[in-house]
Amino acid sequence: MMDKKVIDEFSQIVGPNNILIEDLDLFTYSYDASFLPLIPATKPDLVMKPHSTQEVARIMELANIYRIPVVARGLGSGRTGGSVPVNGGLVLCLDEMNKILEFDGENLTITVEPGVKTQDIYLYCAQRGLFYPPDPSSLKHSTIGGNIAENAGGPRAVKYGVTGNYVMGLEVVLADGSVLQTGGKMIKNVTGYDLTRLFVGSEGTLGVITQAILKLIPMPKRWRTVQVLFDSLEGACAAVSRAIKSGTIPVAAELMDQISLQAVAKFGNFSLDPNVKAGIIFEFDGDSETSLEEQTGGVQKICAEYGSIQFRIAMTQEEETELWSLRRGLSSAVAALAPNRIAEDISVPRNALPEIVKRLRAIAVKYDLQMAIYGHAGDGNLHPSLLVDLSLPGEKEKVDLAVGEIFRAALAVGGTLSGEHGIGITKKEYITDALGETGVATIRSIKKALDPSGILNPGKIF
Ligand SMILES: Cc1cc2nc3c(=O)[nH]c(=O)nc-3n(C[C@H](O)[C@H](O)[C@H](O)COP(=O)(O)OP(=O)(O)OC[C@H]3O[C@@H](n4cnc5c(N)ncnc54)[C@H](O)[C@@H]3O)c2cc1C
C-alpha cells in the first residue's frame, strides 16, 4: 500500500484532476482484456494520467526513489494481462497523451504520442494519401504505445508486417526517469545497438514509450476481398501456404474453422452449409484491375485444388465491409459460444499449419473440450480458443493441461508461444520452454541492466 504522503507527492506532478484514487476507479484499472478468471484482478494504489514526457519522467524518478511498481497502460485491450498491476503500485495510463505531433509527407513518417488510437493513425495518414498498414483487430480500442509494447500484428501482416516493422524511432522514459531517444527518420542506421527494436514487444518492462516515429508507405490504389469456403480445415491451411509459395502474397489470409464460422453465422444471423469445414478471407491489393485479376485468378485455381466449395469476390464496398466486419467481430462471436473462452496466440512456420491444426484437434479430443481455431493463417499465427465452463468441476484442470499441450505442439512444429499478444502473465510459465535457459538468462540480464530495481511492470514475461 502506498503511503498517503507519497500519493500526494505523485499527485503534485500531474495535478489532482489527473489522478484516480477512488476504489471503484482503481478496480477499473485492475484487469485487461485477457481471460479474467485465470488472472485475479489486482488493484493499483494509484492511477495517473500524465500529459507530457516531462511528467512521465518525474513520475518514474519518484517511483524509482520509493521503489514503487509502475505499469504503463494504453487502453487495456491486451490479451495476456500485461497492464494488470499484479504488485499494486502505480498505473500510468497514457491514453491522454494522444497527440499527432508531426506528419512528414516527404520522409513518409508520422510522429505520435503513445496514447493515439491505432485507427486514428491509419485514418489521419489515409486522408493524406499514405498508408500505416498494421491493423490489429482492436485498432479502434488500442493505442500505438500498447501496439509497440506488444508488437501487435493484424490481418495485413502477411504482406506488410507487424507494428515493429514500422517503428523507426522512439522516445522512452527509463526506470530512473531519464529520457532516451532511439532511431530517427533515417532509413539506414547502424549506430550502436538497435535500441528501437529492443523496446518493441518489451511489454512495458524496460521503459515507458512516450513518442514514436512511424514509417508510412504509399497507399495501394485498389483492394479486393474474397471469401473462400473449404470442405476441410487442413485443405484451407494448405491452400494458403501454396498460394503464397506460388508468388502471390495476399494482404491478408484469415482462417476460420467450422466452429468459428458457426459462431459468426449465429452472430450475423445467417445459415451455414454443414459441408463447409473452414473459410478464408483473402485480401489482395495492387495498382491495377489486371493485377487484382491475376492474383485472384491464381489463388482461385489453387483453392480449387484444395477443396474449395465457394469462391466469392466482394463486388461492392458494402460486401467488402460486411466480410471484414464479420472477421473483426469473430473474437467476440466465438467468446459468446461458452461461459468462458481461453484464446491462445501460437505462431508456427506457415508450412506447418496443416500439421498444427491436426495436433490442435487431437488435443481438443483428448481433453474433451470444444476448441475453435481461427487466426492469421497467412503468417502462421493461430488463435486456438478453448470454449469452456470453468464453473464445472475439473474443467480448469483440463484447460491447464490442454493449454500446456497447445504450447508444446507449437514448439514441436518449430513455432512459438505468441505471435502478437505477448507473454504477460498468462504464458510466463512456458517462457523457458520457448527460449531455453540461455535465452531467458539473456533477457533477464537486459531487464536487470535497464531496470535494476525491477519497478517496471513486475511479474510479467518471466
Ligand atoms: C477484441 C480484441 C481483438 C484484438 N485483436 C488483436 C490483433 O488482431 N492483433 C494483436 O496484435 N492484438 C490484438 N488484440 C490485443 C490488444 O489489442 C493488443 O495487444 C494491443 O496492442 C494492446 O494495446 P493497448 O493500448 O490496449 O495496451 P494495454 O493492454 O493497455 O497494454 C498492453 C501492454 O503494453 C504495455 N504498454 C502500454 N502502453 C505502453 C507504453 N506507452 N509504454 C510502454 N509500455 C506500454 C502495458 O504495460 C502492457 O504490458 C486484441 C484485443 C481484443 C480485446
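This chain uses plain numbering: 1 for the first residue, then up along the sequence. Order of appearance sets the numbers: ligands from 1, and atoms from 1 within every ligand.
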Distance-only side-chain donor-acceptor flag, Glu420 / His383, under 3.5 Å: yes

Residue part near ligand 1, for Ser142, under 4.0 Å between non-hydrogen atoms: both

Evaluate Leu75 for polar contact with ligand 1, using N/O atom pairs at a separation under 3.5 Å. yes

Strictly below 4.0 Å, N to O, side chains only: are Lys460 and Glu203 in salt-bridge contact? no

Residue-ligand contact Asp32/ligand 1, heavy atom below 4.0 Å: no

Would you mind listing which atoms of ligand 1 come within a distance below 4.0 Å of any non-hydrogen atom of Ala149? 34 (O), 35 (C), 36 (N), 44 (N), 45 (C)

For Glu9 and Tyr66, which I'm curious about, is there any donor-acceptor pair between the side chains at under 3.5 Å? yes

Salt bridge flag under 4.0 Å for residues Asp120 and Lys140: no

Ligand 1 and Arg79, any nitrogen or oxygen pair closer than 3.5 angstrom? no

Quick one: look up the protein heavy atom nearest atom 9 (N) of ligand 1 and list residue, atom name and how far away it is. Gly153 O, 2.8 Å

Close-contact set for ligand 1 against Gly76 heavy atoms, below 4.0 Å: 26 (O), 28 (P), 29 (O), 30 (O)

Where does Thr205 meet ligand 1, judged by heavy-atom distances below 4.0 Å: at the side chain, the backbone, both, or neither? neither

Could an N or O of ligand 1 be found under 3.5 Å from any N or O of Asp135, whether backbone or side chain? no

Closest by any non-hydrogen atom to atom 7 (C) of ligand 1: pick that one out of Ser137, Gly115, Gly78, Ser202. Ser137

Please find out if less than 6.0 Å separates the ring center of Phe131 from that of Trp223. yes

Numbered in order shown, the ligand 1 atoms found under 4.0 Å of a heavy atom of Asn457 are 47 (O), 49 (O)

Arg197 to Phe199 six-membered ring, cation-pi geometry met (6.0 Å, 45°): no

Output yes when the distance from some N or O of ligand 1 to some N or O of Pro155 is under 3.5 Å, and no in every other case. no

Indicate whether the side chain of Asn147 and that of Ser142 have a donor and an acceptor atom separated by less than 3.5 Å. yes

Answer yes or no: does an N/O atom from Val71 fall short of 3.5 Å to an N/O atom of ligand 1? no

Subset of ligand 1 atoms that lie under 4.0 Å from at least one heavy atom of Ala33: 53 (C)

Check this for me, if you would: do Glu322 and Arg327 make a salt bridge, where the nitrogen-to-carboxylate-oxygen distance has to be below 4.0 angstrom? no

Atoms of ligand 1, numbered as shown, that sit under 4.0 Å from any heavy atom of Gly82: 47 (O), 48 (C), 49 (O)

Just checking, is any N or O donor in the side chain of Thr248 or Gln295 under 3.5 Å from an acceptor N or O on the other one? no

My understanding is that we take every heavy atom of each candidate and find the minimum distance to atom 39 (C) of ligand 1. Doing that for Gly375, Ala72, Gly419, Ser34, which one comes out nearest? Ala72

Apply salt bridge (Lys or Arg N to Asp or Glu O under 4.0 Å) to residues Asp32 and Arg79 and explain how you reach the verdict. CA-CA 7 Å; Asp32 67 0; Arg79 280 264 156 98; over 6 Å; no

Examine the side chains of Ser418 and Asp345 and answer whether a donor and an acceptor come within less than 3.5 Å of each other. yes

Testing the 3.5 Å rule here: is there a donor-acceptor pair between the side chains of Thr28 and Asp25? no

Can you tell me if Gly207 contacts ligand 1 (heavy atom of the residue under 4.0 Å from the ligand)? yes

Could you tell me whether Asp285 and Arg224 make a salt bridge, using a distance below 4.0 angstrom between a side-chain N and a carboxylate O? no

If we only count N/O pairs under 3.5 Å, is Gly146 in contact with ligand 1? yes

Please state which protein non-hydrogen atom is closest to atom 22 (C) of ligand 1 and give its distance, to 0.1 Å? Ser77 OG, 3.3 Å

Ligand 1 atoms nearer than 4.0 angstrom to some heavy atom of Pro114 are 41 (N)

Take atom CZ of Phe270 as the centre, draw a 6.0 Å sphere, and report whether it contains more than 12 heavy atoms from other residues, nucleotides or ligands. yes

Hey, does Glu203 come in under 3.5 Å of ligand 1, counting only N/O atoms on both sides? yes

Lys43 NZ/CZ over Phe27 ring centroid, <6.0 Å and within 45° of normal: no

Out of Ser138, Gly81, Ser83, whose heavy atom sits nearest atom 3 (C) of ligand 1? Ser138

Atom 20 (C) of ligand 1: the protein heavy-atom neighbour that sits closest, reported with distance to 0.1 Å: Asn147 ND2, 3.5 Å

Would you mind telling me if ligand 1 is within reach of the side chain of Glu150, the backbone, both or neither, using heavy atoms under 4.0 Å? side chain

Any idea which atoms of ligand 1 are less than 4.0 Å away from a heavy-atom of Leu94? 40 (C), 41 (N)

Looking only at protein heavy atoms, which one is nearest to atom 42 (N) of ligand 1, and how far off is it? Ile209 N, 2.9 Å

Heavy atom under 4.0 Å from ligand 1: found in His421's side chain, backbone, both, or neither? side chain

Any sub-3.5 Å donor-acceptor pair from Ser178's side-chain atoms to Leu174's backbone N or O? no

